[in-house]
Amino acid sequence: TSTLSGKTALVTGSSRGIGRATALGLAREGALAAVHYGRDKQAAQQTVDLIEKDGGRAFAVGAELGTPGAVDQLFHQLEAGLREHTGETVLDILVNNAAATTPAGVAPEEVSAEQIDEIFAVNAKAPFLLVQRALGLIPDGGRFINISSAVTRMAEPSQVVYAMSKGALDQLTLHFARHLAPRHITVNSVLPGLTDNGSAVFQMPGAREQMSQLSAFKRLGEPEEVANVVVFLATDRARWITGASLDATGGSLLG
Ligand code: NDP
């Protein structure tokens with residue numbers, strides 16, 4: 001039997017990239033996947049279609065994180081979808097994957113206060129509020145998985161604000177791991193390295209070549225290689241891991 005059959009999962013930002021691969025991976029293990037998107041409803045529907053084609057179950061929920069009322073909006077749709085598919089509103093797994101990034105090429109000297117607010121709102125505040133809200137739906141033994149970044153462990157000045165927000169997300173992991181341990185709920189971070197999410201920057205020959213050198217394996221990561229780590233954390237086999245940061249960088253931090 002599949003390792004996650006009978007479970008339900010919400011993956012934020014699963015309209016594409018690592019989030020999509022994660023929703024697919026969780027669904028392949030039998031979980032009902034709530035595929036969340038910010039703006040691209042069509043792409044989210046494509047994720048749902050891919051899951052269904054694969055024999056899995058999924059539904060889409062939309063909410064632009066960082067805007068007022070987004071968390072309420074998301075949970076309203078989530079609870080309706082869960083009720084429709086399962087007859088109840090239990091959420092076993094929450095993957096905080098959606099994130100805003102510092103626009104490429106912005107030097108630390110040029111980052112605006114508004115950009116800082118936006119990045120923190122999406123990458124740190126929203127995950128906190130989502131975890132807080134999910135506590136009402138998550139059973140004992142549930143899973144919170146936060147997608148952080150290797151840039152929390154490696155200096156990259158052009159990404160300072162983004163890295164600060166991921167550092168804040170890692171603190172969410174640490175403190176909630178302690179808080180929720182009495183309920184056997186685990187809380188972990190996964191740190192991807194450079195992962196080909198299909199966006200233009202990863203397709204530019206020169207840049208791709210250069211970015212590939214960061215990994216010990218001299219290539220970019222694939223979304224499903226990160227998703228595999230997330231799926232493992234979601235299973236019962238990972239029950240002894242909490243408050244951890246799992247490296248999913250292909251050895252990019254080996255030095
Ligand atoms: P993508 O840029 O491919 O996708 C981002 C996803 O997040 C989309 O589904 C997007 O939805 C959603 N999203 C973004 N902003 C918002 C918002 N304000 N509200 C709701 N949804 C939003 O991301 P990746 O797959 O590259 O990254 C996934 C995670 O991995 C992120 O947390 C990222 O920081 C992390 N990571 C990625 C690395 C990489 O090299 N790719 C490296 C290290 C970490 P929509 O388009 O519908 O708005």
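We number each residue from 1, following the sequence as shown. Atoms within a ligand are numbered from 1 in the order they appear, just like the ligands themselves.
D54 has a carboxylate O that lies under 4.0 Å from a charged side-chain N of R28, or vice versa, which qualifies the two as a salt bridge. K125 and E118 are not joined by a salt bridge, as no carboxylate oxygen comes within less than 4.0 angstrom of a charged side-chain nitrogen. Between D72 and R133 a salt bridge is recorded (basic side-chain N to carboxylate O distance below 4.0 Å). Between D247 and R153 there is no salt bridge, since no side-chain N of the basic residue sits under 4.0 Å from a carboxylate O of the acidic one.
The side-chain contact (heavy atoms from CB on, under 4.5 Å) test with P139 singles out one residue from T8, I185, D92, and that residue is D92.
In this structure, F59 and H85 have parallel ring planes: the angle between them is below the 30° cut-off, well short of the 60° mark.
Closer than 4.0 angstrom to ligand 1 by heavy atom are G13, S14, S15, R16, G17, I18, H36, Y37, G38, R39, D40, A63, E64, L65, N97, A98, A99, V122, I147, S148, S149, Y162, K166, P192, G193, L194, T195, N197, F202, sorted by chain and number.
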